[in-house]
Every structure is written in C-alpha cells, then in structure tokens.
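Below: one structure, written as structure tokens.
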Amino acid sequence: MPLYCEICKRNRGTLNKINWRKHIDSCKIKNIKKQIITPPSVFSITNYFPKKRKIKETIISDENLQCVTKTTDMDPLKCVDRSLDSSYENSPSLLTDENLLCVTKTSDNDPLKCVDRSLDSSFENSPSLLTVWKNDPAILARYETIPLELKQQFHSLGPCQPMPEDLPDKSFPRDSYGRRFTNLWYSATLQDGSKVHRDWLSYSPSTNRVYCLHCMMYGINLHKSTRSTWVKDGFNLWINGSASIYKHSMSDNHITASIKFKISTRCIPIIPSLQCERKMQIRLNREVVAKLINIVIFLARHNLAFRGPRESWSMATSTSKGNFKDLVILIAKYSAAMSEHITKIQLRGKSELLFVSWERQNQLIDSIADEISFNLQKSIQACKMFSISIDSTFDTSRKEQVSFIVRYVCETSGNVFERLLAMKESANTTGMDLFVLFQNVMDKLNLNWKDDLIGQSYDGAANMRGEYQGLKTLIQNTNLQAIYIWCHAHRLNLVVKNVVSCNIYAIDLFGNIEYLYAFIWCFKKRVALLRKYQEKHIHKSHPGQTMALKRVNTTRWSSHSSALDTILSRHYSIIKTLEDIRTMEGPSDAKTGATCSGLLSYLKSNEFVFTAFLFKKLFDILEPLNKTLQTKDLDLFTATTLIDSVKNKINLLNNRETNNNFNAIILEVENFSKNSKVEFTPLPTIRKRKVPKRSGELCNDEPITDPKQKFKTDCFFVAIDQVQNELNERFSTNKTGLLNDISLISKRRILEVRSNPNSLPKDAFNVVCNIYFKYLNHEKLVNDYIRFAANIIEIEQSNTLPEYLHPVDENDEGEITDQDNNSDFDLELNDDYDHNNTSSVSSAAEIFKMFCVSKLSGVFPNLYILLKIAITLPVTSVTTERSFSKLKLVKTKLRTTMSEDRLESLMTITCEPDN
C-alpha cells in the first residue's frame with residue numbers, strides 16, 4: 001500500500017491500514033465527482049426550480065464503483081470508472097459492507113444520469129447511506145458479553161479512527177460549546193518528542209463519542225465511572241478531551257486490559273485450532289457421557305450395585321472394580337471414544353476429568369431421576385386430576401420407608417398409569433407426620449393437591465383411615481372431594497386371614513403346613529431328599545419340574561392358596577421324605593422322629609384331605625378376584641362387579657337345601673385317594689353318648705355320629721358362613737350412592753337407556769355431582785349421557801371393523817341382504833347378566849378409551865369428565881406393595897449404608913422404566 005495519496009498527495013503518517021484505505025477511497029469518490037460532464041440542458045431555466053427527486057433503486061456491486069442512471073433517451077450519460085486499483089476492490093468500509101454502486105432510475109427525459117449528491121442535504125446528513133463502519137465501537141457497546149467471533153473481527157479491523165475527510169461533513173461534529181473531536185488525539189506525544197499511536201482509542205461516527213477498545217473487550221472488574229464513560233456510554237467531553245484521554249491511558253484497569261489485548265493479538269492465529277480441538281473434546285465428552293448414562297440406567301433397572309470394594313484403575317484388569325467401572329471397561333473395547341477416555345484416565349489419573357467417580361455416578365443417577373420426575377410432573381399437571389396411594393414398610397436397615405404412588409390417566413390414549421411419585425424415610429408414621437410428609441412431596445413437585453386430588457386409597461390402619469387424626473381425614477379437611485377408598489386387595493386379604501382360622505380343622509391344616517415348611521425347608525439334607533423324590537415320582541409330562549414348599553404368611557397375598565396347592569400336588573413325595581427322615585434321623589433324635597410321625601399321621605388322614613379340598617374350593621373362587629384386584633387399570637365399578645360376582649358364587653356354595661356342593665368335594669377326595677399310593681385313615685367316628693334328659697326338656701340330644709355329616713356341619717358350613725360374613729362386612733361401603741352413579745356409565749346400563757330413555761333414574765348422578773361440583777353440572781351431564789347413549793352403537797362401530805365387510809346371502813347370487821347391525825347389542829340386552837362373566841359389561845376405562853380415540857371430549861364434556869373421574873379413583877394400593885418389592889431388591893443387606901437421596905433416585909429409575 002502506498003505511503004502517500006496519489007490524488008491529494010497527503011502523507012500516510014500514523015494512520016493504520018484500515019483508516020488509510022478509507023482515506024484513499026474518499027479521495028477517489030471526490031475525483032469521480034469532478035469528472036462528471038454537465039450537459040447544456042443543466043443550465044436550462046427549469047433547473048432553477050426545485051424538483052422532487054426519487055431514488056428508485058440502489059444496487060451494491062462487488063467489483064468496482066459505478067454511477068449509472070437509466071432513462072428513456074437514446075444518449076445516456078455514463079460515468080464509470082473501471083480503472084480503480086485492486087486496493088479499492090478489497091476495501092470493506094465504503095458506503096456499504098462491500099462496495100458502492102449507485103443506480104438511479106428516472107422516468108423523465110432529463111439526460112443527467114449521475115447527480116451530484118452534495119445537492120441533496122438530506123443525503124449528506126445520513127451517515128448510514130454514506131458509509132458503514134464495521135469497526136464502529138458502538139457495536140461492542142450493545143453487548144454485555146462480547147462473543148469470541150466479534151472479538152476476532154475487531155482484532156483484525158483495529159480501532160475506528162476516521163479522518164475529517166472521511167466523514168459526511170468533512171469534519172468532526174461540534175458539541176453545544178463549539179468543541180469537537182480532533183484526529184490529533186489518535187497519537188500521544190512522549191517527553192522526547194516522539195509520537196505513539198493510540199491503538200485503543202476508537203471513535204464512533206454514529207454516536208460522535210470515543211471509546212476504549214481494550215477496556216470494552218478485556219476489561220474485568222472495571223470502576224463504575226470507567227465502565228460508564230469508556231465502555232458503555234462513551235466519552236464526549238471535548239473541552240477536557242486531551243487530559244481525560246491521557247488520564248484514562250494511565251489507569252490500572254486500562255493497562256491491564258491493554259496487556260490482555262496485546263497477548264490476545266499474538267494468540268489469534270492459534271485460536272481456530274484451539275476452537276477445533278475444544279469442539280472435538282466436547283463431542284468426545286458427550287459421547288462418553290451418553291454411554292455412561294446408558295450404563296447407569298442398565299444397572300438401576302436391574303437392581304445391581306454400582307461400586308465395588310476396590311476400584312483403583314492401577315489394579316490389574318482381571319480384578320473386579322465394581323459393576324459400573326467393569327461395564328465401562330467392557331464398552332471401551334467396542335467404543336473408540338470410551339477407550340480413549342479410559343486411556344487418559346489411566347495415564348493422567350485424577351488430573352483428567354473422570355466422569356466415573358462415585359460423585360459423578362450420584363450426579364448421573366440424580367439427573368436421570370430428576371428427568372423422570374419432571375416428565376411425571378408434566379403428565380399429572382396436564383391431566384388436571386389425580387389420586388394418591390400411600391403405604392410404609394421397613395427396609396433392610398430398619399428404616400421406615402413411605403411410598404407415594406400417584407394414579408392418573410392419559411387423555412390422548414386413555415390409558416391408566418400408576419407411578420412412583422416419591423420414596424421418603426420417616427421415623428414416625430402417625431397421621432399428622434404422614435400428612436406433613438405428603439404436603440412436602442406435593443410442594444416439591446408443584447402439584448396442586450388442594451384442587452386436583454380427587455381420591456385416596458390406603459390400607460385399613462388407624463393412622464391411615466382414622467376418623468379424627470387419620471391421614472385421609474386430615475386431607476379431607478382441606479379437600480372434600482378427595483374420596484377415601486379402603487384398598488380392596490387389603491380387605492380381601494383380611495377376609496382370607498380370618499377364614500383360614502375359623503375352626504379347628506382350618507387351624508390344624510394351615511398350622512401343619514407351616515410346621516412342615518419349617519421342618520423340611522430349613523435343613524439342606526431334607527430339602528435334597530424332597531427334591532430327589534420329586535424327580536423320581538414326578539409326572540412324565542413335566543420332567544425335571546420340582547416345587548419348593550411354600551410358607552403360610554398372613555402378609556403375603558395368595559400364600560395360603562399356593563402353599564396348599566404345593567402340598568396336594570407333591571403329596572406322595574412329601575410322605576416318602578418324612579418316612580425317610582424318620583428312619584434315618586429318628587433313632588438318634590427322638591424329637592425329630594416324633595415330629596415326622598405326627599406329620600405323617602395328619603397327612604395320611606381323610607381329615608387333611610377333606611379340609612384341603614374344601615379350602616381349595618374356596619380359594620378357586622377367591623384367588624381370581626385377588627389377582628384381578630392387583631391390576632393397575634381396574635376401575636371402581638368393575639371391582640365392585642367382580643366382588644358381587646364372588647358373593648353370588650359363595651351364596652350358591654352355601655345352598656343347604658341340596659348337598660351337591662358338598663358331594664362334589666367328597667367326589668374330589670375319593671378321586672385323590674384313588675390316584676394316590678398312600679392309604680388314608682378314615683374320618684374318626686364319634687361314639688354316641690347318652691345324655692340323661694333333664695327336667696323341662698322336651699326331647700333328647702341327638703349327637704351327630706356320621707363323620708362326614710359332622711365335618712359338613714363343623715367345618716364346611718362354618719367356613720362358608722365365615723367367608724360370607726367377612727365379604728359382607730369388609731365390602732359394605734358407605735359410598736353406595738357414588739358407586740350407583742358410576743355404575744350408570746357401564747356399557748350395559750348405557751344400552752338400556754338407549755332402548756328406553758325413560759329408564760334413567762330421576763336422581764341419577766346426584767351424588768357424584770354434589771361431590772365433584774367443581775367439575776360437573778348435573779343438567780348438562782344428564783343431557784350428555786342421554787345423547788351419548790343414543791349414538792353409542794354408531795360411535796363404537798366407527799372405531800372397530802366389522803367381522804364381515806361384505807355380508808352376502810348364500811341363497812342369492814351376489815345379492816347383498818339387509819342385516820340388523822345392532823343384533824349383537826340386542827342379544828346383550830336380552831340376555832340376563834352373568835355374574836360369572838365380567839366381560840359382558842364394558843368397564844369405564846374402555847368407554848373412556850372410546851372417547852379418546854373418537855375425540856368426544858368436546859362433544860360430551862361433562863360425561864367425559866365423569867369417565868375421567870371414574871377411572872382416576874383408586875381401587876387398591878397394591879402398587880405401593882410392588883414398590884416395596886423393588887425396595888428389597890435395590891436396598892439389599894450389602895447396600896444398607898445407601899443414602900436416602902440415592903435410594904429414592906434408584907427407586908424412581910427402577911420403578912419407572914418406560915417413563
């Protein structure tokens with residue numbers, strides 16, 4: 001680049017490269033204006049009158065400077081200077097971001113094509129049209145934190161130091177005192193007379209202020225006045241300009257920023273390579289963390305421990321370092337990123353970012369659990385209503401763990417979900433303590449339980465269902481619509497518990513079963529002997545399938561049924577095992593021999609067989625109900641229907657007019673005795689005793705001497721009566737009105753109303769509307785119900801394909817016959833309701849899914865909300881028991897020192913694998 005200007009012959013002096021190029025461009029523009037040839041028409045008298053000129057189009061060219069005007073005349077005047085040197089072509093600072101090309105289109109016949117822009121004062125006062133300064137410091141003043149790319153740009157452009165000739169008015173603007181900035185301040189004069197260029201002083205043509213470029217880019221902890229004057233607002237007190245500029249240049253903040261600026265200038269060439277390396281490291285770290293997250297999820301969902309006793313990387317590869325680090329090493333064999341990361345850890349040790357320490361493991365576990373909880377929170381808040389189930393248990397470290405389960409529905413698919421909301425430790429489990437803990441969980445997850453909680457289900461403990469200080473009462477004091485439902489599964493378990501101890505026969509049966517379990521299963525030699533006889537005498541259709549003896553546990557559901565089934569199916573193997581134990585151990589241990597003799601005597605008696613088959617008959621009725629009550633998507637109406645069905649079966653079994661049921665048990669006993677290789681002792685015969693007739697007695701006592709009749713009287717009828725009484729007592733609810741209203745939304749009742757709209761009771765939905773008055777309007781709900789009943793068949797048919805798409809009469813050749821599309825529904829209406837077949841009545845969940853699939857929430861809004869309430873209400877709290885089963889797998893005897901936060905996070909991950 002030349003050291004002097006070829007046009008104005010000015011010496012470059014201390015101007016930097018950018019400002020010197022701007023000066024040369026300005027001189028070239030002035031030279032072009034001087035070369036304009038003015039035609040004679042310019043001196044016409046019409047030119048003395050002002051015209052309204054319009055600039056129609058401005059085109060920016062990347063090659064050279066052109067001034068072109070298009071007219072309708074044949075002799076256009078062109079002013080083109082294409083001989084500009086290459087330095088102009090690369091100039092970034094003239095008029096626009098690239099170059100200047102000005103084209104004006106006019107519609108008149110004036111041959112003047114290139115107009116002197118100095119004639120228009122408005123153009124001169126518009127610096128945005130004249131020039132754009134890429135290094136204007138006002139650009140940096142808009143940023144709180146300057147991006148790295150912008151810093152690099154200002155490093156390459158340098159400070160903005162225009163000369164007066166580069167400005168629109170050819171001079172710096174004056175302030176109110178007549179003072180203005182001078183370009184002499186771009187350099188400082190030292191004491192020896194030499195001049196030093198101030199590369200930090202940057203003038204802003206757009207604001208007429210000066211800024212400190214170094215402080216703007218690298219100033220840290222600047223003084224308030226320095227930041228305001230030289231960084232954000234700019235300096236414009238020209239009356240003290242020279243002194244203020246010198247004072248700032250000598251300040252500590254400015255010197256520190258200038259040093260950083262100089263260092264950064266030297267480091268700019270290596271910044272791109274550093275950025276590339278940084279991006280590669282970020283990509284590598286993300287890949288490593290993604291694989292570590294998958295490892296954490298795998299270990300948590302399989303209830304495996306993370307850490308080991310020795311986790312040092314310096315140990316031999318064959319030594320176990322815990323499940324987490326061993327999986328990391330295994331994945332490193334198939335992942336280049338993980339292999340590189342492990343190599344760095346082994347070489348650099350703790351100086352390398354590990355990602356695999358115990359602290360990082362906890363952070364990953366907490367992050368995954370928080371993400372699951374956040375998604376669960378969004379789902380519950382979107383549903384607008386939910387129910388809660390709470391229960392507590394002891395863990396292996398003897399801490400009381402309280403499980404919170406939330407039940408809600410998905411409005412898109414219609415599915416019912418029961419999720420683990422939290423697992424909290426509580427030393428006290430009184431009603432008030434649980435209520436405070438419940439409030440803390442709701443507040444932490446930002447759930448509005450005071451308005452959105454519509455149901456609660458717990459077991460029958462006093463701290464849960466107490467009328468005054470129970471948890472359900474404390475919640476209902478704030479939220480009346482939070483209906484309490486005693487867990488149906490717990491109630492059924494209490495029924496079974498009382499039935500298995502209702503008479504002496506039942507006590508002998510299940511007492512001997514429990515003692516048999518303890519006598520055999522606690523000794524490995526006896527267990528091996530039992531397995532040997534099972535493999536020897538097992539049925540050929542099931543080779544190798546041995547069964548373990550089950551213990552009778554009142555807290556484990558179905559334990560009585562499974563223990564009894566095992567004894568009956570492996571009866572002969574158990575008899576042979578007891579005989580061998582008595583033969584081998586009896587001579588040396590009389591107590592063991594006597595125990596075997598007592599168990600053999602009972603297991604070989606008809607009393608055992610009769611009692612076993614009686615309770616097997618009862619369990620065959622109760623066990624399906626028990627398993628159904630443990631399902632998650634069961635609604636309240638379906639549960640009530642199933643319980644009523646069981647009650648009807650027990651009533652039929654207790655029919656004393658006929659002996660069919662008891663005779664059926666006798667037949668099963670005879671078949672079992674016939675197929676068994678064991679000889680059973682008959683029922684004991686009771687000796688008839690004569691009791692003298694006392695005064696006042698009208699008849700003599702007639703004791704029952706028939707052993708079967710006595711068993712029927714003392715055991716059969718007693719057990720059945722006990723089941724009936726327990727079912728009626730445990731499942732007699734005071735919310736009959738609510739259940740009656742919910743029963744109306746079954747498919748059977750809806751079809752009845754469809755056939756006869758007048759059959760709908762006059763007080764239908766009164767109770768449910770009184771309870772949930774916030775959501776339901778009685779009049780609108782009845783109207784929605786009647787309208788939906790009138791169209792249910794068409795809606796259901798639109799959701800499912802028919803069995804035959806083209807029904808054709810076989811007697812006619814290709815002629816389609818009319819068939820009644822509603823025949824299936826008519827059959828369902830005409831048939832009597834079968835209590836044994838619950839599939840004949842569609843549950844509320846199925847109808848709710850129909851609403852979701854057909855998008856009927858806007859058509860029948862009140863009925864939609866009622867269905868939503870019906871399936872959101874909890875039936876059981878068995879999901880809390882499932883969480884306790886997971887708790888035993890997560891917190892084992894080897895992991896008793898686990899912290900509560902880590903335990904809750906692991907429980908969240910393992911209990912919610914699909915969330």
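Model, not experiment: these values are computed from the prediction.
- Within a 6.0 Å sphere centred on CG of D443, heavy atoms belonging to other residues, nucleotides or ligands number more than 12.
- Under the 3.5 Å distance criterion, the side-chain polar atoms of E912 are left unmatched by any main-chain donor or acceptor of R419.
- Nearest approach of L453 to S387, heavy atoms of both residues: CD1-CA, 3.8 Å.
- In this structure, a donor-acceptor pair under 3.5 Å is absent between the side chains of S389 and S877.
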Next item on the list: Would you check, one step at a time, whether the test salt bridge (charged side-chain N to carboxylate O under 4.0 Å, His left out) holds for K891 with D395?
Entry: CA-CA 7 Å; K891 194 170 184 179; D395 60 13; 2.9 Å; yes
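- To the nearest 0.5 Å, atoms NZ (K134) and CZ (F154) are separated by 11.0 Å.
- The CE atom of M338 sits 5.0 Å away from atom CD1 of I295, with the distance rounded to the nearest 0.5 Å.
- Judged by distance alone, the side chain of S339 and the main-chain N or O of S335 form no donor-acceptor pair under 3.5 Å.
- With hydrogens and angles disregarded, a donor-acceptor distance shorter than 3.5 Å links the side chain of N285 to the backbone of Q281.
- For the atom pair OG1 of T879 and CG of L421, the computed distance is 12.5 Å after rounding to the nearest 0.5 Å.
- Here CD1 of I139 is found 11.0 Å from CD1 of I146. Values are rounded to the nearest 0.5 Å.
- A distance of 8.5 Å separates CG in N253 from NE2 in H248, rounded to the nearest 0.5 Å.
- Note on ring orientation: taking the six-membered ring where Trp is involved, the planes of W230 and F235 are parallel (angle under 30°, cut-offs 30° and 60°).
- Contact detail for G158 and N135: the closest heavy-atom pair is O-ND2, 3.3 Å.
- For T896 (side chain) and T892 (main-chain N/O), no donor-acceptor pair under 3.5 Å exists by modelled atom type.
- In summary, K262 and D199 engage in a salt bridge, as defined by a charged side-chain N under 4.0 Å from a carboxylate O.
- Using modelled atom types, no side-chain atom of E340 and backbone atom of L284 make a donor-acceptor pair closer than 3.5 Å.
- In this structure, K325 fails the cation-pi test against F306, since its NZ or CZ atom is not both closer than 6.0 Å to the six-membered ring centre and inside 45 degrees of the ring normal.
- Judged by distance alone, the side chains of S204 and D136 do bring a donor and an acceptor atom under 3.5 Å apart.
- With W200 as the fixed residue, the side-chain contact (heavy atoms from CB on, under 4.5 Å) test singles out one of H214, M216, M217: H214.
- Looking at T910 and N303, their side chains do bring a donor and an acceptor atom within 3.5 Å of each other.
- Inspection of the Q363 and R360 side chains reveals an N or O donor paired with an N or O acceptor under 3.5 Å.
- More than 12 heavy atoms of other residues, nucleotides or ligands lie within 6.0 Å of CZ in F394, so this atom counts as buried by the packing criterion.
- Here the closest non-hydrogen pair linking S426 and L437 is CB-CD2, 4.0 Å.
- Residues D452 and L447 have side chains not in contact (no heavy-atom distance under 4.5 Å, counting atoms from C-beta outward).
- For the 3.5 Å distance criterion, the side chains of S899 and D901 fail to qualify, holding no donor opposite an acceptor.
- Between D391 and V402 there is no side-chain heavy-atom pair separated by less than 4.5 Å.
- Side-chain N/O atoms of Y218 and S264 include a donor and acceptor closer than 3.5 Å.
- With respect to E411, the salt bridge (charged side-chain N to carboxylate O under 4.0 Å, His left out) criterion is satisfied by exactly one of K855, K384, K868: K868.
- Using a 4.0 Å cut-off between charged side-chain N and carboxylate O, K632 and E418 make no salt bridge.
- Residues K399 and E900 are paired through a salt bridge, judged by an N-O separation under 4.0 Å between the basic side chain and the carboxylate.
- Using cut-offs of 30° and 60° for the angle between ring planes, the W20 and H23 rings count as parallel.
- If you check the side chains of Y203 and N208, you find a donor sitting under 3.5 Å from an acceptor.
- Side-chain contact, E287 with H341: no donor N or O sits under 3.5 Å from an acceptor N or O.
- Rounding to the nearest 0.5 Å places NZ of K260 at 9.0 Å from CD1 of I263.
- Between F386 and F417, the ring centre distance reaches or exceeds 6.0 Å.
- The closest donor-acceptor contact from the side chain of N446 to the backbone of M442 lies at 3.5 Å or more, if one exists at all.
- Contact between K849 and S413 at its shortest, heavy atoms only, is CG-O, 3.9 Å.
- A donor-acceptor contact closer than 3.5 angstrom is absent between the side chains of S187 and H197.
- Taking the charged nitrogens against the carboxylate oxygens, D326 and K321 have no contact shorter than 4.0 Å, which rules out a salt bridge.
- Residues V878 and Q630 share a closest heavy-atom pair of CG2-O, 3.7 Å.
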